Structures are given as structure tokens and as C-alpha cells.
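Worksheet: the structure to be examined is printed underneath.
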Amino acid sequence: QPVFALNLVGFPSERLDREILREIMRGGMEKMAEAGVSVAGGHSIDDVDIKYGFAVTGLVHPDRVLTKQGARVGDAVVITKSLGTGIISTALKAGMADASDVAAITRIMESLNKTASEIICTVGVHACTDITGFGLIGHSLEVARASNKAICLNAARIPVLNNALEYAARGLVPGGAHNNREFYESRVEYKKDIPPELRDLLYDPQTSGGLLITVAVQKHKDLMQKFSEKGLTAVTVGEVLEGPAGHIYVTT
């Protein structure tokens with residue numbers, strides 16, 4: 001439960017209009033208000049590039065900490081946001097992204113995980129992490145290794161942002177995805193023929209990605225129903241297997 005935060009700002013004040021900084025900070029304050037967090041001040045420096053974020057202080061009961069190491073055999077693997085923000089951002093930088101796709105990734109990146117986290121705490125799940133810079137494969141591997149289990153992902157079930165696969169097929173894939181693939185693919189076994197653009201998506205680094213959850217089959221229906229009631233994306237994309245530990249299988 002976040003309680004208060006401090007702004008952390010780096011901004012090239014001699015090169016860019018300060019109105020840009022004002023708008024960045026306004027957006028940040030709006031998100032903090034949405035999250036129920038008080039902003040107590042902060043620190044700013046003149047910097048070559050724009051940097052903006054928060055140092056957040058929160059509370060958690062020591063008996064209710066969710067970690068990556070609790071996944072159990074038979075758990076369903078659920079993710080709460082569609083993938084492809086890295087690929088579409090790369091298309092945007094190349095000047096090749098449709099405005100509707102840019103609007104879609106903006107909406108998904110500005111969506112908090114607050115409600116989703118409240119739901120999983122209410123239902124009770126075994127393991128949880130977020131999908132960010134290491135992509136779906138990287139963060140799934142973190143859970144598999146920490147839990148001493150394997151995870152099977154069904155690539156056909158993965159929710160994908162509109163046109164992300166088309167951009168990937170055109171080579172608009174961020175360098176981070178290539179780095180992730182180079183680092184993690186030795187621990188991935190493809191059970192079916194996965195198209196190259198879909199493989200790229202599996203390693204796509206996400207900005208403000210959703211949650212990756214493993215939940216017991218007995219609680220899965222309740223979890224999905226509560227997500228649906230709140231109008232949130234939640235898709236079952238795989239299951240936890242006995243082993244080999246720290247291994248990912250990808251099928252369709």
C-alpha cells in the first residue's frame with residue numbers, strides 16, 4: 001500500500017521549454033492522486049536528458065508479501081495487460097506507427113496496477129511479479145527459477161496490442177527484445193513452430209506492464225470473475241509444471 005512519494009526530476013532547462021516539465025509533473029501528480037499517494041516534495045537537477053519518476057514509500061504486512069517463489073505445480077499463469085508496448089514504441093520512434101496504436105499504448109502505459117493488485121490480495125495467489133523490461137519470457141523465468149518449477153506458456157493465448165505483430169514482422173523490434181532473447185532463449189523450449197514476430201513479442205520489454213500471477217486452479221475462476229467485474233484485462237496464458245526448474249516451454 002503506497003503512502004507517500006518524492007518527485008525525482010532531471011531536466012535540460014536551458015534546452016527545453018519548462019512548460020514541458022510542467023506537463024510531465026502534472027501527469028505524475030494526477031497518477032499519484034489516482035493511486036491515493038501523497039507527494040511530499042522531491043528533488044530536481046539540470047540534466048542532459050529528461051528523467052522523471054518517484055521514490056515511493058509504502059506498507060505491507062510481513063505475512064502478506066507476494067514474491068516470485070511461491071508458484072506451485074498446476075497453478076494457472078495469468079497476465080493482466082496486453083503485450084507489445086516496446087514494439088509499438090519502436091515503430092513510433094521510426095515514424096511508422098499509426099496514431100490509433102500510439103493512443104492504445106499510451107492508455108495501457110498510464111493504467112495503474114492498483115485495482116489488479118487489490119483483487120489478487122483479496123483472492124489470494126501463490127506468486128506475482130510485473131512484466132517490464134525483461135519481457136514475458138524473462139519475468140516468467142524469474143518466477144520459474146525462484147519457485148524451482150517450470151512454466152508452459154501458450155503463445156496463441158497471449159493478448160497482443162493491435163498491429164504489434166505487424167510492426168515486429170517489419171523489423172520494428174527494440175534492441176532490448178534482442179538482448180532479452182539472447183540472454184534467455186537457452187532456457188526456452190518451443191514445442192510448436194512459433195512465427196518469428198510472435199517470438200519477438202515474447203521478449204518485448206514492456207513499459208508499465210501488467211502483472212504476472214500464478215494462482216491455484218480452485219481460485220482461478222474467482223480471480224478471473226473479479227477482474228471481469230472491474231473491466232480489467234486478465235488472460236490465462238499458461239500453467240506451472242513440475243520441472244525442469246527454471247525452464248520455459250512455449251506451445252500454441
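These numbers come from a predicted model, not from an experiment.
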Ile108 reachable from Phe227 in the ILVMFWY side-chain graph, under 4.5 Å edges: no

Between NZ of Lys221 and OG1 of Thr236, what distance do you get to the nearest 0.5 Å? 13.0 Å

Less than 4.5 Å apart, any side-chain heavy atom of Ile79 and any of Ile213? no

With a sphere of 6.0 Å drawn around OH of Tyr184, does it hold more than 12 non-hydrogen atoms of other residues, nucleotides or ligands? yes

Ignoring hydrogens and geometry beyond distance, is a side-chain donor-acceptor pair present between Ser13 and Asp46 at under 3.5 Å? yes

Hey, is CD on Glu229 packed in by over 12 heavy atoms from elsewhere, all under 6.0 Å? yes

Decide yes or no for Pro244 and Tyr249: does some side-chain heavy atom of the first lie under 4.5 Å from some side-chain heavy atom of the second? yes

Could you tell me the separation between the OG1 atom of Thr251 and the NZ atom of Lys192, rounded to the nearest 0.5 Å? 4.0 Å

Point-to-point distance, once rounded to the nearest 0.5 Å, from CG of Leu83 to CG of Leu198: 10.0 Å

Show the atom names and distances, to 0.1 Å, of all donor-acceptor pairs under 3.5 Å that link a side chain in residues 158-166 to residues at least two apart or in another chain.
unit_1 : atom_1 : unit_2 : atom_2 : d
Asn163 : ND2    : Asp101 : OD1    : 3.3
Asn163 : ND2    : Asp101 : OD2    : 2.9

Show me the side-chain donor-acceptor pairs of residues 50-60 shorter than 3.5 Å, one per line, residues at least two apart or across chains.
unit_1 : atom_1 : unit_2 : atom_2 : d
Lys51  : NZ     : Asp47  : OD2    : 2.8
Tyr52  : OH     : Asn7   : OD1    : 2.8

Determine whether Val173 and Leu201 make a side-chain contact, defined as any pair of heavy atoms from C-beta on separated by less than 4.5 Å. no

Less than 4.5 Å apart, side chain to side chain, heavy atoms only: is that true for Ile248 and Arg187? no

For residues 59-77, the salt bridge (Lys or Arg N to Asp or Glu O under 4.0 Å) pairs (sequence neighbours left out) are Lys68-Glu142

Side-chain donor or acceptor of Asn180 paired with backbone N/O of Gly133 under 3.5 Å: yes

Dump the intermediate steps for side chain to side chain contact (heavy atoms under 4.5 Å, CB included) on Glu185 and Arg199, then the final yes or no. CA-CA 10 Å; Glu185 198 165 38; Arg199 292 196 188 198; 4.0 Å; yes

Take Lys149 and Leu241 through the side chain to side chain contact (heavy atoms under 4.5 Å, CB included) test and state the conclusion after the steps. CA-CA 6 Å; Lys149 300 290 185 292; Leu241 307 177; over 6 Å; no

Rounded to the nearest 0.5 Å, what separation is found between the CD1 atom of Ile87 and the CG atom of Leu92? 14.0 Å

Tell me every residue that passes side-chain contact (heavy atoms from CB on, under 4.5 Å) with Ala94, counting only those two or more places apart in sequence or in another chain. Met96, Leu172

Which residues satisfy the salt bridge (charged side-chain N to carboxylate O under 4.0 Å, His left out) test with Glu19, sequence neighbours excluded? Arg22

Do we see a donor-acceptor contact under 3.5 Å between the side chains of Gln69 and Ser147? no

Which value, rounded to the nearest 0.5 Å, describes the distance between His139 atom NE2 and Ile151 atom CD1? 12.5 Å

Any salt bridge (Lys or Arg N to Asp or Glu O under 4.0 Å) pairs touching residues 237-252, not counting sequence neighbours? none

